[in-house]
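Read through the structure below, which is laid out as structure tokens, and then see the notes.
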Amino acid sequence: MAKQRSRYVCRECGHESLAWSGQCPGCSEWNTLEEVVVTATTAAAAGRSPRRRAAAAPRSVPLRDVEAPAEERLATGIGELDRVLGGGLVPGSLVLLGGSPGIGKSTITAMALGNLAAAGRTVLYVTGEESAAQVRMRAERLGDSALAVPALAETDLGAVVAAIEAERPAVCVVDSVQTLHSGELSSAPGSVAQVREAANGLMEVGKRNGTALILVGHVTKEGAVAGPRVLEHLVDCVLLFEGERERSYRTLRALKNRFGATSELGVFEMREAGLVEVEDPSARFVGEATAAAGSVVLCAMEGTRPLLVEVQALVAPTDVVPPRRVATGIDRNRLAMILAVLSRHGGVAVGNADVFVNVAGGVRIDEPGADLPVALAIASAARGAAVKEATAAFGEIGLTGRLRAATQAERRLEECAKFGLRQVVAPAGTPSGKLSMLEAETLGRAIRAGLDVDGSEGR
Ligand code: TYD
Ligand code: MG
């Protein structure tokens with residue numbers, strides 16, 4: 001008997017419950033639960049129908065006998081994108097590309113399709129957000145290969161699936177998944193039910209035809225992939241495109257990747273004629289660094305790649321209670337921890353001052369090795385003393401004020417030497433390379449060793 005059951009899915013966190021409630025039990029957000037109807041056919045497909053039970057049980061196969069042909073990867077021709085994907089797109093895979101509006105999602109996907117088309121692959125660009133004419137205007141800026149991409153302005157899921165079935169492209173971009181709409185569901189485009197239906201339908205047709213699909217999705221202001229958050233478990237790969245809209249640098253990283261590491265970072269710059277890969281971001285960021293008080297060169301590891309960026313801090317007296325703590329490019333809670341250790345163990349109290357910390361270039365650094373340089377930048381700003389010339393820093397800070405060695409110190413030191421830095425402030429025990437080392441066991445000593453103050457030799 002065809003029976004319909006309802007489930008309620010949170011559009012923020014994807015939590016499922018059987019009853020509706022005003023507040024999501026998963027993430028405590030209000031009014032985010034949406035009804036999703038589960039029809040009896042879904043249950044039958046899951047193996048609960050009597051007919052399925054009567055059939056012979058399927059047999060499992062030892063993994064070594066499973067046929068797994070070495071899949072060739074589809075190179076998008078954008079080196080940074082290919083690297084984050086783990087060596088190019090896997091045929092038949094499903095990639096979700098998230099990012100806030102205006103960051104360049106349509107630009108990077110249009111460029112990738114242009115390159116693929118130029119390399120003789122069949123491609124398809126489905127636009128639900130912009131008209132074909134608007135997509136053409138963007139392609140004109142990007143050049144001839146982008147103009148060769150076949151575009152389809154369509155928001156009906158059935159029509160998009162039919163088009164993929166008919167054209168069987170090697171790679172298809174759907175911009176964006178939130179605009180697709182299935183006539184079989186009554187809910188609005190962008191709702192959990194619609195987004196899920198769209199992703200399921202596209203995945204099915206993609207796998208059947210060997211089409212690699214890139215679904216573009218918008219993210220909320222908190223940085224979560226909105227709506228598509230419920231897709232994270234379904235897709236093979238989740239990429240996040242970040243950066244400040246008014247700045248030109250953009251970073252691309254994988255949050256999930258079934259075919260590669262999630263730690264790789266791609267750096268781009270938005271120019272007049274599209275996105276340009278920044279192959280040597282260290283050179284850029286170090287070149288732009290200032291030698292003023294409050295500025296420190298941080299050597300971070302982003303996946304397999306060391307990256308030199310400038311951290312800037314400003315400490316300004318204030319009457320505001322509590323004083324402001326503003327972090328751009330690093331985690332707020334990490335900043336709170338660093339400030340607490342600085343005041344308790346580093347002799348730098350900023351209790352009645354506003355503190356601003358900024359990673360230059362709009363890059364976000366999410367790595368404990370950034371602790372020490374951030375602390376040094378704040379100490380330098382608070383004391384009005386610049387960090388010694390041509391000096392970089394890396395290292396983790398413990399709650400007791402002791403420094404902990406950072407991972408892959410050799411790689412970091414090589415990068416520092418390559419870009420003309422002469423010395424490094426690092427935790428004691430860090431293997432030394434070609435540079436002179438200002439090693440310190442504690443945060444207090446690191447500050448004395450790193451700042452350019454007369455008689456500041458570490459005790
Ligand atoms: P877009 O790719 O449309 O962003 P999204 O799809 O993520 O919303 O483009 C973002 C911005 O980039 C837009 O404001 C215009 C700018 N831009 C350039 O500076 N140069 C270019 O060549 C292109 C195509 C866009
Ligand atoms: Mg767009």
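Indexing begins at 1, ligand by ligand and atom by atom, following the structure's order. These figures come from a predicted structure and were not determined experimentally.
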Which residue is it: Glu279, Glu310, Glu269? I am looking for the one with a salt bridge (Lys or Arg N to Asp or Glu O under 4.0 Å) to Arg284. Glu269
Using a threshold of 4.0 angstrom between heavy atoms of the protein and any atom of ligand 1, which residues qualify? Ser100, Pro101, Gly102, Ile103, Gly104, Lys105, Ser106, Thr107, Arg138, Arg141, Met270, Arg271, Glu272, Ala273, Gly274
List the steps and the verdict of side chain to side chain donor-acceptor pair (under 3.5 Å) for Gln423 and Thr391. CA-CA 5 Å; Gln423 49 188 4; Thr391 304; 3.2 Å; yes
Kindly give the heavy-atom pair with the smallest separation between Glu154 and Val160, and that separation in Å. CG-CG2, 3.8 Å
Distance below 2.8 Å from the Mg ion (ligand 2): protein N/O/S atoms: Ser106 OG
With sequence neighbours excluded, tell me which residues meet salt bridge (Lys or Arg N to Asp or Glu O under 4.0 Å) with Arg305. Glu80
Strictly distance-based, threshold 3.5 Å: is any side-chain N or O of Lys105 a donor or acceptor partner for the main-chain N or O of Ser100? yes
Of the options Glu35, Glu34, Glu16, which is the one that meets Arg7 in a salt bridge (Lys or Arg N to Asp or Glu O under 4.0 Å)? Glu16
So does Gly92 get a backbone contact from the side chain of Lys207, meaning a donor-acceptor N/O pair under 3.5 Å? yes
Solution key, residues 81-89 side-chain donor-acceptor pairs under 3.5 Å, sequence neighbours excluded:
| unit_1 | atom_1 | unit_2 | atom_2 | d |
| --- | --- | --- | --- | --- |
| Asp82 | OD1 | Thr76 | N | 3.0 |
| Asp82 | OD1 | Thr76 | OG1 | 2.8 |
| Asp82 | OD2 | Thr76 | N | 3.3 |
| Asp82 | OD2 | Gly77 | N | 3.4 |
| Arg83 | NH1 | Glu264 | OE1 | 2.7 |
| Arg83 | NH2 | Leu265 | O | 2.6 |

From Leu96 CG over to Glu232 CD, what is the distance, rounded to the nearest 0.5 angstrom? 7.0 Å
